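Predicted, not measured: the structure shown is a model, and the values here were computed from it. Within every chain, numbering begins at 1; the chains are lettered A, B, ... in the order of the sequence lines, protein sequences first and strands thereafter.
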Amino acid sequence: MASSAELSQFLESIERRAFKQAAYAVRDDASALDIVQDAMIKLSERYGDKPAAEWPMLFQRILQNVIHDWFRRQKVRSTWTTLFSDLSTGKDNEEFDFLESLEAEDGSRQAESAADEVSRAQTLALIDAEIQRLPTRQREAFLLRYWEEMDVAETAAVMGCSEGSVKTHCSRATHALAEALKAKGIRL
Amino acid sequence: MTRSNTLQAAGRAVAPTAEERFAQRVRLALDQTAARLPATTLARLALARKTALRAQPVPGARRAPASELVSASGGSPRFGFARAGMVVSAVLLVGVCLAGLYQIEQDHRIQELADVDSGVLNDDLPISAYTDHGFNAYLKQNP
């Protein structure tokens, strides 16, 4: 049985990416935090005694399910509060706090010029925005395949679709991203 | 083999495609974005992690009930069994009250019908008089 320390280490290793995945999907940081915590608790409660090697796949499945549940709840809620449902969505697209990003810097970047840092921050913010703009399934496939580094079969299992669909989603996402970034003059 | 080396390992057998090379560069940018998360978000993630660890099944130890687990964003507590029990009890209570009200209403109606019946039976007029159209017309003209 996996120890608490192992689980803690695993959760720490995936929490930032999980948060970003959830935030890309729901476009609200507070909801994304709740989603990540729910996913963590479910993994811990139900699969905390499983071998640590199984956790990455299990966590991704749980995370995707919790995100989908969130959308289902939002749909139900919006039927009751039609007038107010859309007021709080889509407000974070252009938000980028440069001062906050400075807090996360490590020592190696301090030698860079301010112009370089601003340019880097802007590039990252644009990539972030373009990822968020991708269609949901394409974004899920791209992030699972290339950020979580799952193979095609694992990605298909998490997404509940065929391997062919995963390849199609990934290809479309990559081309859409490349075109969008090229249009904005960003070269990676 | 670590997961971070998957693409490189695959690359030894087959050269990475242009798509994979582009995706690799996007991945590096995403890693940098994740490394720049605000301190408040990181603190909440750490809290979420600790909360989740308390829920891990440990042999011989008491598991933290779901009702004790708090929201990562500092909002309302999670919906646990205790809360579910309270909701079920409230629904049952409302159901019992509605059934009681229906029963009382039915008793009132039965009582009213019984009063009408006994009034008709105790009257001097025969019951057939009430079905007579002529008698009804007489009553309307001479209230």
Q: Could you tell me whether the side chain of B:Arg27 reaches within less than 4.5 Å of the side chain of A:Glu149, counting heavy atoms only?
A: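 SC-SC contact between A:Glu149 and B:Arg27 confirmed.
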Q: Taking every non-hydrogen pair under 4.5 Å, which of A:Met40, A:Glu12, A:Arg17 racks up the most with chain B?
A: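 Among A:Met40, A:Glu12, A:Arg17, the one with the most close pairs to chain B is A:Glu12.
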Q: Quick one: what part of A:Leu43 sits under 4.5 Å from any heavy atom of chain B, side chain, backbone, both or neither?
A: neither
Q: Surrounding NZ of A:Lys182 (heavy atoms of other residues, nucleotides or ligands, distance under 6.0 Å), is the total greater than 12?
A: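 No, the 6.0 Å shell around NZ holds no more than 12 heavy atoms from other groups.
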Q: As an exercise, state the distance from CD of B:Glu19 to OG1 of A:Thr174, rounded to the nearest 0.5 Å.
A: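 These two atoms lie 4.0 Å from each other.
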Q: Does A:Arg137, at its CZ atom, have more than 12 non-hydrogen atoms belonging to other residues, nucleotides or ligands within less than 6.0 Å?
A: yes
Q: When rounded to the nearest 0.5 angstrom, what distance separates CD1 in A:Ile127 from CD in B:Gln32?
A: 8.5 Å
Q: Which bit of B:Thr17 comes within less than 4.5 Å of chain A, counting heavy atoms only: side chain, backbone, both or neither?
A: neither
Q: Heavy-atom distance under 4.5 Å to chain B: side chain of A:Tyr24, backbone, both or neither?
A: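 Looking at A:Tyr24, just its side chain touches chain B.
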Q: With a 4.5 Å cut-off on heavy-atom pairs, point out which of B:Lys50, B:Arg21, B:Arg49 contacts chain A the most.
A: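 Maximum pair count with chain A is reached by B:Arg49.
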Q: In this structure, are over 12 heavy atoms from other groups packed under 6.0 Å from A:His175 atom NE2?
A: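 No, because the 6.0 Å sphere around NE2 of A:His175 holds 12 heavy atoms or fewer from other groups.
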Q: Counting only heavy atoms closer than 4.5 Å, note whether A:Tyr47 contacts chain B via side chain, backbone, both or neither.
A: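 Neither part, no heavy atoms under 4.5 Å.
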Q: I need the residue from B:Leu28, B:Leu42, B:Thr33, B:Leu30 with the largest number of non-hydrogen atom pairs under 4.5 Å to chain A.
A: B:Leu30
Q: For A:Leu177, which atoms come within 4.5 Å of any heavy atom of chain B: side chain, backbone, both, or neither?
A: both
Q: Looking at A:Leu33 and B:Leu45, what are the two nearest heavy atoms and their distance?
A: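 Closest pair (atom of A:Leu33, atom of B:Leu45, distance): CD2-CD2, 3.8 Å.
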Q: Can you tell me if A:Glu54 has over 12 outside heavy atoms packed within less than 6.0 Å of its CD?
A: yes
Q: Just do the side chain to side chain contact (heavy atoms under 4.5 Å, CB included) check on A:Gln37 and B:Arg44 with the steps written out, would you?
A: CA-CA 9 Å; A:Gln37 173 165 302; B:Arg44 286 177 183 175; over 6 Å; no
Q: Answer yes or no: is there a side-chain heavy-atom contact under 4.5 Å between B:Glu20 and A:Arg145?
A: yes
Q: Please report the closest heavy-atom contact between A:Leu11 and B:Ala52, naming both atoms and the distance.
A: CD1-CB, 4.1 Å
Q: With a 4.5 Å limit on heavy-atom distance, are the side chains of A:Trp147 and B:Val26 in contact?
A: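 Side chain of A:Trp147 against side chain of B:Val26, heavy atoms only: no contact under 4.5 Å found.
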Q: Taking all atoms of both residues into account, what is the closest heavy-atom pair of A:Gly48 and B:Pro57, and its distance?
A: CA-CD, 4.2 Å
Q: Can you give me the closest heavy-atom contact between A:Glu15 and B:Ala46, atom names plus distance?
A: OE1-N, 4.4 Å
Q: Do A:Glu45 and B:Gln56 have side chains that get closer than 4.5 Å, going by heavy atoms?
A: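 No, too far: nothing below the 4.5 Å cut-off.
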